[in-house]
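One structure is given here, and the rest of the page talks about it.
Just follow the structure's listing: the first ligand is 1, and inside any ligand the first atom is 1.
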Amino acid sequence: MAPTPHDDGSQGVKEESMASQTATRPISSLLLIIAMQTEALPLVNKFQLTEDADSGFPKGVPWLRYQGNYKDLKINIVCPGKDTALGVDSVGTISASLVTYGSILALQPDLIINAGTAGGFKAKGASIGDVFVASDVAFHDRRIPIPVFDLYGVGLRQAFQTPNLLKELNLKVGKLSTGDSLDMSPQDEASISANDATIKDMEGAAIAYVADLLKVPAIFIKAVTDITDGDKPTAEEFLQNLAAVTAALDLAVTQIVDYINGKRLSEL
Ligand code: SAH
């Protein structure tokens with residue numbers, strides 16, 4: 001059906017008032033994006049969410065959506081789910097971008113929280129089990145040595161600022177660097193160092209890109225499962241610490257959600 005002139009006009013007004021409403025009313029809809037199901041399930045239980053078969057996502061995607069009400073918040077936890085061919089969690093930037101895009105369109109959240117695990121640099125003050133809030137995020141594996149494209153590749157974006165939340169909860173703050181590999185090549189290492197990053201993951205900067213594109217504020221909560229500049233092999237250390245560190249992550253996310261409840265974006 002062709003839109004009438006009236007539809008056009010009212011749509012514009014509607015969008016404008018929705019944006020200004022988000023600034024003046026308490027946050028009501030939270031979207032948690034979590035790459036691995038192991039990390040997500042304790043939070044699904046904590047907030048008593050239920051899996052929604054009618055996710056609003058395209059047919060056939062492995063993305064999972066858990067939803068429910070917690071205190072005054074509508075909470076959705078979304079995971080990219082298991083790779084349809086290989087059955088492992090769909091970690092990394094491509095699935096993270098797609099699931100972020102699909103979730104924003106379907107759920108129209110006021111705020112995104114990307115929660116997950118990360119590698120940490122002990123030289124920058126990270127230890128196993130630390131929970132970091134990222135101040136900004138960038139990529140370390142998109143090297144395009146042509147003026148301006150180089151900056152596009154790095155894709156530096158600021159996280160939504162939460163000074164009051166940081167003051168209230170005892171969380172570390174650091175820069176997050178994202179790439180599609182769990183390990184770290186010498187070139188990655190140089191870029192991570194240029195990004196001044198304390199923590200390293202495989203999704204953050206991709207989620208920040210999509211959130212920025214669609215103008216949804218996003219914050220990044222990362223718990224350190226492995227020390228990237230230590231002497232243990234990353235994959236081994238990651239698996240060894242995953243369960244214990246996930247518990248620390250879930251505790252921090254719960255505290256953050258409790259803090260957010262009843263507040264406006266401008267009060268965080
Ligand atoms: N071996 C794991 C694979 C997980 S990939 C498994 O058995 O399932 C690692 C996941 O944890 C990604 O979602 C990434 O964001 C995060 N991560 C933890 N430590 C990391 C590191 N050192 N570098 C990059 N990502 C890391």
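In this structure, Arg142 is positioned above the aromatic face of Tyr152, its NZ or CZ under 6.0 Å from the six-membered ring centre and within 45° of the axis.
Checking only distances, Phe238 never comes within under 3.5 Å of ligand 1, N or O to N or O. For the pair Asp89 and ligand 1, the shortest N or O to N or O distance does not fall below 3.5 Å. At least one N or O atom of Glu203 sits closer than 3.5 Å to an N or O atom of ligand 1. Residue-to-ligand polar distances place Met202 within reach of ligand 1: an N/O pair is separated by less than 3.5 Å.
Under 4.0 angstrom from ligand 1, the non-hydrogen atoms of Met36 all belong to its side chain.
Asp183 and Thr234 share no donor-acceptor pair across their side chains, judged by distance under 3.5 Å alone. Under 3.5 Å, the side chains of Asp110 and Ser28 contain a donor-acceptor pair of N or O atoms. Ser177 and Asn195 are linked by a side-chain donor-acceptor pair at a separation below 3.5 angstrom, with hydrogens and angles left out of the test. Side-chain contact annotation: Tyr66 with Asn45, donor-acceptor N/O pair under 3.5 Å absent.
Using a 4.0 Å cut-off between charged side-chain N and carboxylate O, Lys46 and Asp250 make no salt bridge. In this structure, Asp89 pairs ionically with Lys82, as a charged nitrogen and a carboxylate oxygen lie closer than 4.0 Å. Of the charged side-chain nitrogens involved, at least one lies within less than 4.0 Å of a carboxylate oxygen, so that Lys124 and Asp196 count as a salt-bridged pair.
Near Thr225, meaning under 4.0 Å from one of its heavy atoms, ligand 1 places the atoms 18 (C), 19 (N). The distance from ligand 1 to the heavy atoms of Ala118 drops below 4.0 Å at these ligand atoms: 17 (N), 18 (C), 19 (N), 20 (C). Contact atoms of ligand 1 toward Ala35: 13 (O) (distance under 4.0 Å to a heavy atom of the residue). Atoms of ligand 1 found under 4.0 Å from any heavy atom of Thr234, numbered from 1 in the order shown, are 22 (N). Listed by atom number, the atoms of ligand 1 under 4.0 Å from Leu239 heavy atoms are 7 (O). Within the listing of ligand 1, atoms 9 (C), 19 (N), 20 (C), 21 (C), 22 (N), 23 (N), 24 (C), 25 (N), 26 (C) sit less than 4.0 angstrom from a heavy atom of Leu182.
Counting protein heavy atoms only, atom 24 (C) of ligand 1 is closest to Lys200 NZ, 3.4 Å.
The option with the heavy atom closest to atom 19 (N) of ligand 1, from among Ile34, Asp226, Thr117, Leu176, is Asp226.
Residues Thr254 and Leu43 form a side-chain contact, since some pair of their non-hydrogen atoms from C-beta on lies under 4.5 Å apart.
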